[in-house]
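Okay, structure first, notes after.
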Amino acid sequence: MKKVIIVFALSIGLISCNQQAKTDEFKTAYVDTNKLLEEYTEAKDIDAKYKNRADEMGQELEAEAARFRKDAADFEQKARQYGQIWAQQNSAPLEKRQRELQYAQQAMLQQLQQESGVEMDTLVTSVKKFIKEYGKEQGYDYIYGTGEAVSILYAEDKYDITDELVKKLNEKYKPAAKKEETSTDTAAKPEE
């Protein structure tokens, strides 16, 4: 009877060890997607591009807003001088300019959001494709993502491959200016 119990206990132990070995066969990792996009040079370049465009467009709008504020101040001074009836009769063009200025500001923001959204969507798609290819090359069974849309509640830091992916993505990415330099360098070199 004791031998049966010992054999039974050993067989359960072997089965559980075998099952543990099977789960250890999976190679998994995770990526902090927020960190990846914060540190990826191409994402930084896209952010900078649209910040610069917003600044440029904002300057044009600010110049128009400054002219409007000056005209509004002049109108207020005249309204004090000529009275409330005059102000009511002559305020329509100024109100119309104010609405147009607000519409222009909203249109500018929508345009920038739409354009940057398209570029960022394209970037995210290419990063996902890169991670998929990277996972295949490195033999991963699963690569999880953390960040805004958290799909992992806990993972040991040893499974975090974010820095490795950022490094490889940055090595792969060539800004537009560098791409042009590379093409002119190769065009200038004679073929051997």
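What you see below is based on every heavy atom in this structure, not just the backbone, and it leaves out hydrogens, waters and symmetry mates. Quick caveat: nothing in here was measured; it's all calculated off a predicted structure. Count residues from 1 along the sequence.
- Thr28 places no side-chain N or O within 3.5 Å of a backbone atom of Tyr142 that could act as its donor or acceptor partner.
- Salt bridge annotation for Lys51-Asp55: present, with a cationic side-chain nitrogen under 4.0 angstrom from a carboxylate oxygen.
- Going from atom CG of Asp32 over to atom CD of Glu39 covers 8.5 Å, rounded to the nearest 0.5 Å.
- Between the side chains of Glu42 and Tyr40, at least one donor-acceptor pair of N or O atoms lies under 3.5 Å.
- Within 6.0 Å of CD in Gln84 there are 12 or fewer heavy atoms belonging to other residues, nucleotides or ligands.
- For the atom pair CD of Glu119 and CG of Asp45, the computed distance is 10.0 Å after rounding to the nearest 0.5 Å.
- Within a 6.0 Å sphere centred on CD of Glu133, heavy atoms belonging to other residues, nucleotides or ligands number more than 12.
- Between Arg53 and Gln111 there is a side-chain heavy-atom pair separated by less than 4.5 Å.
- Using a distance-only test at 3.5 Å, with no hydrogens or angles considered, a donor-acceptor pair links the side chain of Thr33 to the main chain of Thr146.
- Residues Ala43 and Leu37 come closest through the heavy atom pair CB-O, 3.2 Å.
- For the atom pair Gln106 CD and Tyr103 OH, the distance stands at 7.5 Å (nearest 0.5 Å).
- Heavy atoms only, all atoms of each residue included: Asp160 and Thr162 are closest at OD1-OG1, 2.5 Å.
- Proximity of a side-chain donor or acceptor of Lys35 to a complementary backbone N or O of Asp163 within less than 3.5 Å is not detected.
- The closest side-chain donor-acceptor pair between Asn170 and Thr41 falls under 3.5 angstrom.
- A 4.5 Å side-chain heavy-atom check between Gln102 and Gln98 finds at least one atom pair inside the cut-off.
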Review point. Given the rule in the side-chain hydrogen bond (donor to acceptor under 3.5 Å, both in side chains) test, do Tyr82 and Asn90 qualify, once you have shown the distances and angles that lead to the verdict?
Key: CA-CA 11 Å; Tyr82 296 121; Asn90 295 296; over 6 Å; no
Practice item. Mind running salt bridge (charged side-chain N to carboxylate O under 4.0 Å, His left out) on Arg67 and Asp71 for me, showing each step along the way? Key: CA-CA 6 Å; Arg67 285 190 293 273; Asp71 292 347; over 6 Å; no
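- Under the 4.5 Å side-chain heavy-atom criterion for grouping Ile, Leu, Val, Met, Phe, Trp and Tyr, Val118 is not connected to Ile46 through any hydrophobic cluster.
- Considering all non-hydrogen atoms of both residues, Phe130 and Leu165 come closest at CE2-CD2, 3.7 Å.
- For the atom pair CG (Leu101) and CD (Glu62), the distance works out to 9.0 Å, reported to the nearest 0.5 Å.
- Here the closest heavy-atom approach between residue Leu36 and residue Val166 is recorded as CA-CG2, 3.7 Å.
- In this structure the side chain of Glu38 never reaches within 4.5 angstrom of the side chain of Lys44, judged on heavy atoms.
- Once rounded to the nearest 0.5 Å, the distance linking CG of Leu61 with CE of Met108 reads 5.5 Å.
- Between Ala29 and Tyr140, the shortest heavy-atom contact is CB-CE2, 3.4 Å.
- Distance CE/Met120 to OG1/Thr125: 11.0 Å, rounded to 0.5 Å.
- No donor-acceptor contact under 3.5 angstrom links the side chains of Tyr50 and Gln113, judged on distance only.
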Practice item. With side-chain hydrogen bond (donor to acceptor under 3.5 Å, both in side chains) as the test, would you mind laying out the steps for Gln114 and Gln110 before giving the verdict? Key: CA-CA 6 Å; Gln114 183 179 11; Gln110 287 176 343; over 6 Å; no
